[in-house]
Every structure is written in structure tokens, then in C-alpha cells.
J.: 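Mind having a look at this structure? Questions to follow.
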Amino acid sequence: MKKLNKISSYLRLLYKAGLKNSLKYFYSQKISENWRLIYSSRFGYKFVPFSEIGFFWLAGLKEPKTVSWFNRNITNYNLFINVGAGWGEYALMALTKHVPTLIFEPNPRLNRIIHFNLSLNSYRENIDYWLFSCAVGTPKRRERFIIQNPEGTSHLESYGRRKFEKLASIEVNVIPLSEFKHLMQDYDDVLFLIDAEGAEAEVVKSVPERVRCRADFIIESTEDQIKYLNVLLKGKRKYKLEDNPSQKNLGNYVWVRKSRLKR
């Protein structure tokens with residue numbers, strides 16, 4: 001009986017960690033024509049996992065609390081803007097709920113994975129989504145972009161976490177979001193998710209003021225950024241979505257909102 005209880009407690013722990021949800025993505029695995037494994041997520045989209053270094057990014061596993069909130073609330077918005085989109089998990093979730101999406105990911109490898117995932121789900125460029133390979137910030141410029149190992153971590157040279165090995169260095173365009181205001185200005189309820197490895201405040205500064213005052217933000221922020229972001233987004237209340245002490249080095253998501261939504 002003791003052994004059974006122990007096994008049961010381990011299973012409950014794995015369930016809380018999101019393993020059950022992640023395993024669901026394997027039920028429809030197949031080999032595509034170019035030998036990529038393709039999985040189906042519980043959120044309604046198909047995707048190829050980011051697995052070139054032997055580690056599968058499984059949708060919903062890495063940030064289960066944030067993913068859960070996002071899945072419940074994304075339909076409260078009529079435009080989603082994802083800066084630092086990674087392999088496109090949040091963008092795909094938004095598109096599954098028919099929310100038009102602007103996607104920014106300067107890492108060329110990840111940008112190709114996003115493009116593949118979007119094509120896999122038959123989403124239409126310039127209608128359902130807009131995908132850009134530039135970094136976001138201000139002023140407009142060319143800057144070195146550091147691609148690190150492991151797990152595709154990458155950042156503008158003046159930011160980022162130095163703990164990872166440098167894999168490659170390229171040059172990218174850095175473009176303010178004000179340059180894309182024609183794609184945002186007709187929407188009243190906008191949600192930003194910004195994960196730019198230390199450049200979050202610079203990204204927020206580049207948002208056109210008219211759009212900023214109509215938007216909610218989920219921002220990955222280190223403690224020293226939070227006060228500055230609060231000033232930058234004055235008048236708005238902030239909430240932590242991710243605050244796991246064991247992952248403190250990965251930063252926290254801060255939720256800054258203009259309206260009252262389900263937490």
C-alpha cells in the first residue's frame with residue numbers, strides 16, 4: 001500500500017507539472033514528406049517540435065500557468081502581438097481562436113520553424129498573421145544578434161543572459177513597433193506578449209502611444225526592469241503570472257492590464 005501511495009503521489013506531481021497535457025501531443029504523430037515529426041496540441045493546432053538539439057519543446061509544458069491564462073483570455077482581444085515568438089506557441093494558440101496575430105522573431109532558425117508551423121495549419125499570411133524576421137526596439141538600426149546554445153536562446157548584443165555559450169553572431173534589423181502602426185491602429189483591444197531577453201523595456205518604448213493606451217501586456221521582466229516598466233506604462237496595474245523561485249534566472253512574466261479579466 002505504501003508503494004502504491006508513493007507511485008500515486010509521483011503521478012499527481014507529474015500531472016501538476018503538465019506531463020499529462022504534453023503527452024497528448026504525441027497521439028497523432030506521423031512523419032511528414034520531409035521527415036519531420038508532427039504533433040497535435042490540445043489547443044487545436046499541429047506543430048513540429050523544436051528538437052534539433054535532442055530536446056522537444058512540448059506546447060504548454062514550459063510555462064503552464066501563463067499558457068493556461070492565455071488560452072482562457074485571448075478571445076477578449078481582437079489583435080495579438082508576439083515579440084520574441086520563439087517557435088510560435090502563443091501565436092498558434094491565438095490563431096486557433098481566430099485572433100489576428102503579428103509575430104516578431106529575429107532568430108532565423110526559429111523564424112523558419114514558425115513559418116513551417118503556420119503553413120502546416122493553413123493560416124494565411126497578411127490575412128490571419130504577419131510574420132517578421134526583425135528584432136524590435138528603438139531607435140531603428142542594425143545590430144549584432146547573438147544566437148546561443150542550448151535551446152535557441154538568442155538576444156541583441158547589448159542584452160541577454162551571458163550564462164549560455166555563444167553559438168553564432170549575425171546582424172539583424174531593429175525596427176520600432178511604430179513602423180507597423182498601420183497594422184495595429186484599427187484594433188481596440190490589443191494584447192502584447194513580449195519576451196526579448198532583456199530588451200523588453202526598449203520594445204515597450206517603441207509601441208505607438210495610441211496603441212499602448214489600448215493594450216494589455218504580458219512581459220518577461222527581471223526585477224530591475226519592473227519599476228521602469230511600471231513608470232513606462234503609468235496608470236496600469238501589474239500582476240505576476242510566472243513567479244517560480246526555482247526558475248528565477250529565467251525571469252518573471254508581469255501582466256500589465258487596462259481591463260478586468262479572469263486571472
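For clarity, every value in this text was computed on a predicted model and none was experimentally measured.
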J.: Is E171 salt-bridged to R144, cutoff N-O under 4.0 Å?
T.: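 Salt bridge absent between E171 and R144.
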
J.: Identify the two heavy atoms, one from V172 and one from L156, that lie closest to each other, and give their separation to 0.1 Å.
T.: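 Heavy-atom minimum between the residues: CG2-CD2, 4.0 Å.
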
J.: Quick one: does I74's side chain get under 4.5 Å of L191's, heavy atoms only?
T.: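 Contact flag for I74/L191 side chains = yes.
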
J.: Before giving the answer on side chain to side chain contact (heavy atoms under 4.5 Å, CB included), spell out for F80 and N82 the whole-Å C-alpha distance, their side-chain angles and the decisive distance to 0.1 Å.
T.: CA-CA 6 Å; F80 174 51; N82 195 183; 3.6 Å; yes

J.: Could you grab the distance from atom CD of Q185 to atom CG of L79, nearest 0.5 Å is fine?
T.: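 It comes to 11.5 Å.
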
J.: Does any part of the side chain of N117, heavy atoms only, come nearer than 4.5 Å to the side chain of L92, both counted from C-beta?
T.: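 Yes. Closest side-chain heavy atoms under 4.5 Å.
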
J.: To the nearest 0.5 Å, what is the distance between CD on E197 and CD on E200?
T.: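 With rounding to 0.5 Å, CD (E197) is 7.0 Å from CD (E200).
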
J.: Let me see the working for L183 and L102 under side chain to side chain contact (heavy atoms under 4.5 Å, CB included), right down to the final yes or no.
T.: CA-CA 8 Å; L183 297 174; L102 272 62; 4.0 Å; yes

J.: Other residues, nucleotides and ligands only: do more than 12 of their heavy atoms fall within 6.0 Å of NE2 on H98?
T.: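 No, NE2 of H98 has 12 or fewer neighbouring heavy atoms, counting only those of other groups under 6.0 Å.
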
J.: Quickly, which of L120, I103, L131 forms a side-chain contact (heavy atoms from CB on, under 4.5 Å) with H115? Name it, please.
T.: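 Exactly one pass, corresponding to L131.
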
J.: Taking NZ, NE, NH1 and NH2 as the nitrogens, is one of them in K140 or E202 under 4.0 Å from a carboxylate oxygen of the other?
T.: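 Looking at E202 together with K140, the answer is no, because their closest N to O distance does not fall below 4.0 Å.
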
J.: Treating E105 as the side-chain partner and L110 as the backbone partner, does any N or O pair qualify as donor plus acceptor under 3.5 Å?
T.: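 No.
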
J.: Taking all heavy atoms of F43 and all of T96, pick out the closest pair and write down the distance.
T.: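 Looking at all heavy atoms of both residues, the closest pair is O-CG2, 2.8 Å.
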
J.: Taking all atoms of both residues into account, what is the closest heavy-atom pair of V99 and T101, and its distance?
T.: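 Nearest pair, atom of V99 first, then T101: O-OG1, 2.9 Å.
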
J.: A side-chain contact here means heavy atoms from C-beta on lying under 4.5 Å apart; do N71 and S68 qualify?
T.: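 They are not in contact (no side-chain heavy atoms under 4.5 Å apart), so the answer is no.
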
J.: Quick one, W255 with F217, criterion ring pair (Phe, Tyr, Trp, His ring centres under 6.0 Å). Give me CA distance, side-chain angles, the key distance, then yes/no.
T.: CA-CA 6 Å; W255 176 26; F217 294 81; over 10 Å; no

J.: Report yes if some heavy atom in the side chain of P208 is under 4.5 Å from a heavy atom in the side chain of L177; otherwise report no.
T.: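 They are in contact (side-chain heavy atoms under 4.5 Å apart), so the answer is yes.
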
J.: If you round to the nearest 0.5 Å, how far is CG of D188 from OH of Y77?
T.: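 The CG atom of D188 is 13.5 Å from OH of Y77, to the nearest 0.5 Å.
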
J.: May I have the step-by-step check of side chain to side chain contact (heavy atoms under 4.5 Å, CB included) for F192 and V190, ending in yes or no?
T.: CA-CA 7 Å; F192 285 84; V190 182; 3.7 Å; yes

J.: Whether the side chain of R212 engages the backbone of V207 through a donor-acceptor N/O pair (distance < 3.5 Å, no angle test) should be reported.
T.: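 Yes; judged by distance alone, with no hydrogens or angles, the pair exists.
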
J.: If you take all heavy atoms of A135 and P106, which pair is closest and at what distance?
T.: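 Closest pair (atom of A135, atom of P106, distance): N-CB, 3.8 Å.
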
J.: Side chain to side chain donor-acceptor pair (under 3.5 Å) with N173: which of R141, R142, E143?
T.: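 With N173 as partner, side chain to side chain donor-acceptor pair (under 3.5 Å) holds for just one option, R142.
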
J.: Ignoring hydrogens, what is the shortest heavy-atom contact between S133 and N111? Give both atom names and the distance.
T.: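 In this case the closest contact between S133 and N111 is CA-ND2, 3.4 Å.
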
J.: Within the 4.5 Å heavy-atom criterion, are N121 and L95 side-chain neighbours or not?
T.: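 In short, these two side chains do not touch, never coming nearer than 4.5 Å.
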
J.: Apply side-chain contact (heavy atoms from CB on, under 4.5 Å) to A199 and list each qualifying residue two or more places apart in sequence or on a separate chain.
T.: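 Residues passing side-chain contact (heavy atoms from CB on, under 4.5 Å) with A199: Y159, A196.
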
J.: Y129 and Y123: aromatic ring centres closer than 6.0 Å?
T.: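 No.
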
J.: Working to the nearest 0.5 angstrom, can you tell me the gap between N107 CG and I146 CD1?
T.: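 If I round to the nearest 0.5 Å, the distance is 11.5 Å.
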
J.: Could you report the tightest heavy-atom contact between S206 and P176, atom names first, then the distance?
T.: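 Heavy atoms of S206 and P176 come nearest at CB-CA, 3.7 Å.
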
J.: Are F180 and F104 an aromatic pair by the rule of ring centers under 6.0 Å?
T.: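 Between F104 and F180, which both carry aromatic rings, the centre distance is below 6.0 Å.
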
J.: If I take atom CZ from residue F70 and atom CD from residue E89, how far apart are they, to the nearest 0.5 angstrom?
T.: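 So the CZ of F70 and the CD of E89 are separated by 9.0 Å.
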
J.: Should I81 and L193 be marked as a side chain to side chain contact (heavy atoms under 4.5 Å, CB included) after you check the CA-CA gap, both sets of side-chain angles, and the distance that decides it?
T.: CA-CA 6 Å; I81 301 173; L193 195 153; over 6 Å; no

J.: Can you check whether M93 reaches V67 side chain to side chain, under 4.5 Å on heavy atoms?
T.: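 Result yes, sub-4.5 Å side-chain heavy-atom pair found.
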
J.: If you round to the nearest 0.5 Å, how far is NZ of K97 from CG of N76?
T.: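 That separation rounds to 10.0 Å.
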
J.: Would you check if F145 and S154 make a side-chain contact, meaning some heavy-atom pair closer than 4.5 Å?
T.: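 A side-chain contact under 4.5 Å exists here.
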
